[in-house]
Amino acid sequence: MNITATTRPLGLLGYPVAHSKSPQMLNRVCEILNIPAVYLAYAVAPEQLPQAVAGMRAMGFIGFNVTIPHKVAIIDLLDELDETALEIGAVNTVVQRDGKLIGYNTDGIGYLRSLQEETNVDLTGKTVTLLGAGGAARAVATTLAKAGIAKLVIANRTVSKAEELAAMTSKWTTTEAIGMENIADTICHTQLLVNTTSLGMSPNIDASPIATELLHSKLLVSDLIYRPRETKLLQAASAVGAQTHGGLGMLLHQAAVAVEHWFDQAAPLKEMWEILERE
Ligand code: ATR
């Protein structure tokens, strides 16, 4: 990498960030697209977020990504919000344009692009059941609700959070909130089952968000978890003949959409995928 006095900064704000593959992936993107920029990961504690953002603004950052735990707190520090970020209520990508910081959310669209590219699913008229109602669920629920589905069922351990998300997305589709223990009643009518909870994530790879005997062969089972690549839920889904979709594609496409916002050009998906696939 040829760093000079005109190289501009990009970065990731999170806490922690040491596990992130974004620096490798985004620096490779800059190299391929011939953009004089460098991308670094910054571990910023919540109480220091305002100072970090002020610094990025002052130092002419092209933009930055935002991850846990800052995706909601960042909003108050920005000048403008894109409509999707406003609807989701969280930001994962910021662009600095003419001195203004503009917030976007590329998680939902990244998820949808990955799902459609890898499974060819036609969502029109489908019943979707979402497991979980946290931050990731918000982006995915909002995007799916707007994608022409017939019904969105949100199942969560804490039912009040499912109710909140069901109310938030009810302007785009029919929604229903249920407790995780009532999943058996809806799963037989479900065509797409999406896990947004952390159950099954490394190192707890033996966990699964639902009892595996509830799965059936007409389901498309999608898991946002990408470590491990094939979760216990996806293994059980494959075993009953259901179609499966893992979480790594969402990671790729949410970054690709961020690249489009920063540089106004398409991202080199193949090379980005090669970096994500490396252990
Ligand atoms: P993220 O940003 O990754 O979505 P989050 O906002 O903390 O993380 O949300 C985590 C989700 O996983 C929530 O839906 C949570 O359920 P609660 O709202 O009841 O907390 C769910 N989750 C996490 N651990 C769980 C467990 N052991 N059993 C059931 N659900 C769990």
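Whatever order the structure lists ligands and atoms in, that order sets their numbers, starting from 1. Each residue takes its place number in the sequence, starting with 1.
- Using a cutoff of 4.0 Å between basic side-chain nitrogens and carboxylate oxygens, R97 and E80 are not scored as salt-bridged.
- The ring-ring contact (aromatic ring centres under 6.0 Å, His included) check on H216 picks up nothing, with sequence neighbours excluded.
- Considering every non-hydrogen atom in both F64 and L13, the closest pair reads CE1-CD1, 3.7 Å.
- If you run side-chain hydrogen bond (donor to acceptor under 3.5 Å, both in side chains) between K71 and each of N105, D107, N92, N65, only D107 comes through.
- Every protein residue with a heavy atom nearer than 4.0 Å to ligand 1 is included here: G132, A133, G134, G135, A136, N156, R157, T158, K161, T197, S198, L199.
- Side-chain atoms of T158 and S160 include no donor-acceptor pair closer than 3.5 Å.
- Under 3.5 Å, the side chains of H245 and S114 contain a donor-acceptor pair of N or O atoms.
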